[in-house]
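The sequence lines fix the lettering, A, B, ..., with proteins before strands; numbering per chain opens at 1.
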Amino acid sequence: MNFTEYNELTHRRGKIWIWSAVCLILFVPIAVCVKYNAWPGFLPVFKGLLGVAPIYWTVGIIEIITFTPMLGTGGTYLSFVTGNVTGLKVPAALNAMESAGYKAETEEAEITSTIAIATASIITTIIISLGVLLFVQLSPLLNHPSLKPAFDNIMPSLFGGLGVVYISKNWKIAAAPVLFMIALFIAVPSLASSVGILVPVGILIALGFARLMYKKGVL
Amino acid sequence: MFYDIIINMSTSEFNPDSPFIYGLAFIVIAFILAQSLFFLIHAVKRAKAIGMDKSIVLRTIGSTALFTIAPAVSILLGVITLAKFLGLPLPWIRLSVIGAITYELPAATSTAQAMGISLSETITKAENYSAIVWVMTLGILPSVVCTPLLIKKIQKGVLNIKSKDSAWGNIFMTSLFMGMISAFSGMVFSRVRQGIPGLLPVAVLAVSALVMIICGLLVKKAGWKWLENYALPFSMLISMTFSVIAAPLFV
């Protein structure tokens with residue numbers, strides 16, 4: 001079996017899993033409604049969706065377009081079911097590929113990314129399940145005020161380490177989008193809540209400058 | 001008798017921590033674990049078939065497991081936050097499948113506002129609960145539904161770019177990574193206008209980057225090869241510890 005055939009097999013298996021996941025995800029609200037005979041009606045759901053769907057549907061589709069080339073086939077099918085794509089699955093895949101020295105889109109990178117994302121999903125599920133089991137004991141500890149700064153700063157601690165590796169290796173491509181994003185977030189702090197939408201903006205800036213430098217022979 | 005049990009169960013007061021909802025959570029969690037294990041075995045088997053170094057596979061699993069602990073505990077905090085008004089099993093389900101606290105909390109709040117209820121205490125009406133479950137579900141569904149519909153088209157597009165000009169194809173992929181890293185690194189600076197307190201995330205970012213550089217030097221200069229795969233988890237944990245110690249200075 002060559003890489004193309006392996007990829008096709010992953011697509012077939014991935015589709016079975018993801019469509020099963022769609023059924024399971026829909027089964028939860030249906031089961032709640034049937035069990036408690038509590039159908040909410042169209043209006044409350046529509047009004048609730050109006051507050052979140054326009055932004056989250058957009059971000060969801062942007063994430064698929066942006067992250068699929070980074071995650072690979074198996075990683076994509078798994079990440080978009082298990083969630084926490086930007087904060088966990090993409091960094092896990094990038095870190096694993098970088099540490100192993102594989103370039104995205106190669107078979108080794110595809111395998112490494114899938115292994116990293118599957119491991120991250122399993123560990124997350126186990127930790128959350130343990131947390132649920134030990135809820136009474138863990139809740140006061142995790143909510144302790146002294147630990148709050150650590151959990152508030154997960155993203156800086158993650159992207160400091162990950163960023164320095166990628167930026168130092170590709171500083172010519174990184175300079176323009178990084179400087180632009182820093183300036184943008186300082187100028188408009190409220191954009192922090194919609195960072196997902198700014199990922200493609202960063203990509204377009206990186207691509208634009210990279211193309212310019214490539215044409216001029218700088219890259 | 002069975003009919004009486006069913007009637008009693010469906011008319012009794014609603015409890016978001018009921019065994020029934022826990023049962024649903026167990027089914028969902030079992031599915032997630034099964035899917036993750038399936039893909040792990042699928043990839044490991046392929047790694048063996050193409051002769052990939054076994055130590056790389058094991059190191060990938062080990063370093064990813066360590067790296068996942070901090071973000072997973074943060075997700076657990078999200079479960080605890082939502083559990084105050086939604087009970088434990090629903091946040092457990094939602095944050096194990098697709099969800100993230102950044103979406104689930106606004107979804108619950110938006111629905112509660114639409115129905116004119118408060119999220120300051122546990123929900124006791126099944127209708128309100130089911131409306132929140134539907135909004136949480138439908139709000140994230142496009143991410144799952146669109147993945148199988150779009151994935152091949154996206155991959156074909158990237159392949160076309162690479163086959164036309166492989167050098168540009170590699171730069172294209174790097175630009176994708178840089179776009180994402182720049183957006184999330186830039187976000188860390190969003191609070192600097194608040195003064196000293198807003199500088200803590202920037203300091204944490206800098207410490208994490210510094211630890212990563214030191215790890216890189218230890219790998220290259222001191223020959224500590226084993227550290228290569230654990231550099232990111234270490235930089236995360238050390239910079240998070242720094243944030244706890246340094247927080248009183250950033251007020």
## Note on the structure
Cut-off 4.5 Å, heavy atoms of chain A, and the answer for B:Y129 is side chain
### Summary
Heavy-atom nearest pair, A:P69 first then B:V158, reads CG-CG2, 3.8 Å
### Message
Checking B:R46 against A:T10 for the side chain to side chain contact (heavy atoms under 4.5 Å, CB included) test, could you report, in this order, the C-alpha distance in whole Å, the side-chain angles of both residues, the deciding distance, and whether it holds?
### Response
CA-CA 11 Å; B:R46 183 62 186 169; A:T10 312; over 6 Å; no
#### Entry: chain B contact via A:F80 - side chain, backbone, both or neither, heavy atoms under 4.5 Å
both
### Task
List the atom of B:V145, the atom of A:W19, and the distance in Å for their closest heavy-atom pair.
O-CH2, 3.9 Å
### Task
Might you point out which heavy atoms bring A:S139 and B:I80 nearest each other, and give the distance in Å?
OG-CG2, 3.5 Å
### Query
Are A:N170 and B:F177 close enough that some pair of their side-chain heavy atoms sits under 4.5 Å apart?
no
### Task
Give the intermediate values and the outcome of side chain to side chain contact (heavy atoms under 4.5 Å, CB included) for residues A:T82 and B:V97.
CA-CA 5 Å; A:T82 55; B:V97 187; over 6 Å; no
### Summary
Checked B:L159, B:V44, B:I50, B:I41 vs chain A; the most non-hydrogen pairs under 4.5 Å come from B:I50
#### Entry: Segment of A:S113 engaging chain B (4.5 angstrom heavy-atom cut-off)
neither
Counting only pairs under 3.5 Å, give me each side-chain donor-acceptor contact of residues 185-192 of chain B, with atom names and distances, residues two or more places apart or in other chains.
unit_1 : atom_1 : unit_2 : atom_2 : d
B:S185 : OG     : B:I181 : O      : 2.7
B:S190 : OG     : B:M187 : O      : 2.8
B:R191 : NE     : B:Q194 : OE1    : 3.3

### Residue of the set A:T124, A:I127, A:I154 for which side-chain contact (heavy atoms from CB on, under 4.5 Å) holds with B:V73
A:I127
### Message
For the CZ atom on A:F27, are there more than 12 heavy atoms of other groups (residues, nucleotides or ligands in this structure) within a distance under 6.0 Å?
### Response
no
### Query
Can you tell me if B:S18 and A:Y36 form a side-chain donor-acceptor pair at under 3.5 Å?
yes
### Message
On a heavy-atom basis, which atom in B:S130 and which in A:C33 lie closest, and how many Å separate them?
### Response
CB-SG, 3.8 Å
#### Entry: Side chain, backbone, both or neither of A:L184 within contact of chain B (heavy atoms, under 4.5 Å)
neither
### Message
Does any backbone or side-chain atom of B:F67 lie under 4.5 Å from a heavy atom of chain A? Answer side chain, backbone, both or neither.
### Response
side chain
### Query
Side-chain contact, heavy-atom cut-off 4.5 Å: B:M173 with A:K103?
no
#### Entry: Part of A:V85 within contact of chain B (heavy atom distance under 4.5 Å)
neither
### Query
Do we see a donor-acceptor contact under 3.5 Å between the side chains of A:T73 and B:Q155?
yes
### Query
Among A:G202, A:G60, A:A150, who wins on heavy-atom pairs under 4.5 Å with chain B?
A:A150
